[in-house]
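One structure below.
All values derive from a computational prediction rather than experimental measurement.
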Amino acid sequence: MDQEPQLSSTTAPTATTTTTATLADPAIEQAVRRALADHGRLTVDAQDVASIADLYALGLSSHATVNVMLAVESELDVEFPDSVLNRSTFATVESIVAAAELAS
């Protein structure tokens, strides 16, 4: 008689399971979210955006990306290296935070 495999309670997904990574510096994440709120022209509140959500799908334009970058640089007193100045760097909160951490 064949039995169906069973998942143990430790491997079953729960309602509290998240897919976002822990960000190294919450202050940098908040600076990024403030810049997105002020300059990103998103269709949703920047504070409510998941860290891995596609910001371009939420209304971020190339023009707004430049303004977000400048605001983050100004607030954190950093400069993004040329090597990270591409569309994918600004696609998610998580990727912007990672670039800002690299710049600091």
Side-chain angles (χ1 to χ4, degrees):
M1 191 167 157
D2 291 334
Q3 291 183 334
E4 291 183 34
Q6 295 180 354
L7 294 175
S8 72
S9 62
T10 59
T11 60
T14 65
T16 59
T17 301
T18 60
T19 58
T20 59
T22 303
L23 299 173
D25 189 341
I28 293 177
E29 179 182 5
Q30 286 308 308
V32 167
R33 290 184 182 279
R34 278 191 297 276
L36 286 167
D38 293 344
H39 305 285
R41 299 183 180 180
L42 301 179
T43 58
V44 296
D45 187 337
Q47 297 301 321
D48 297 334
V49 173
S51 64
I52 60 170
D54 181 350
L55 297 175
Y56 294 106
L58 297 174
L60 188 67
S61 66
S62 58
H63 184 274
T65 299
V66 172
N67 291 330
V68 168
M69 180 193 70
L70 293 173
V72 171
E73 286 181 334
S74 177
E75 182 167 344
L76 297 176
D77 194 28
V78 298
E79 185 174 329
F80 287 99
D82 290 345
S83 62
V84 302
L85 298 181
N86 56 60
R87 183 177 174 91
S88 63
T89 297
F90 298 92
T92 66
V93 171
E94 183 176 83
S95 60
I96 300 171
V97 169
E101 287 176 336
L102 180 65
S104 60

Pairwise distance CD(E101) to CG(D25) - rounded to 0.5 angstrom: 6.0 Å

Within 6.0 Å of CG in D77, more than 12 heavy atoms from elsewhere: no

Rounded distance [0.5 Å steps], CZ in F80 versus OG1 in T89: 8.0 Å

R41 atom CZ: more than 12 heavy-atom contacts under 6.0 Å: no

D45 atom CG, over 12 foreign heavy atoms within 6.0 Å: yes

Minimal non-hydrogen separation, A64 against G40, with atom names: CB-O, 3.7 Å

Closest non-hydrogen atom pair between V84 and L102, with its separation: CG1-CD2, 3.7 Å

Stepwise side chain to side chain contact (heavy atoms under 4.5 Å, CB included) test for T92 and D54: CA-CA 5 Å; T92 66; D54 181 350; 5.7 Å; no

For the student: nearest non-hydrogen atoms of R34 and Q47, plus distance: N-NE2, 4.2 Å

Interatomic spacing from CG in L70 to NE2 in H39 - rounded to 0.5 Å: 8.5 Å

Between OH on residue Y56 and OG on residue S62, distance to nearest 0.5 Å: 8.0 Å

Minimum-distance pair of heavy atoms, taken over all atoms of A35 and V72: CB-CG2, 3.6 Å

Note, V49 side chain near R33 side chain (heavy atom, < 4.5 Å): yes

Approximate separation, where rounding is to 0.5 Å, of L76 CG and I28 CD1: 6.0 Å

R87/T65 under side chain to side chain contact (heavy atoms under 4.5 Å, CB included): CA gap, chis, key distance, verdict: CA-CA 9 Å; R87 183 177 174 91; T65 299; over 6 Å; no

Nearest atoms (heavy-atom pairs only) where S88 meets S95: O-OG, 3.3 Å

The single option from L55, V44, L58 passing side-chain contact (heavy atoms from CB on, under 4.5 Å) against L36: L55

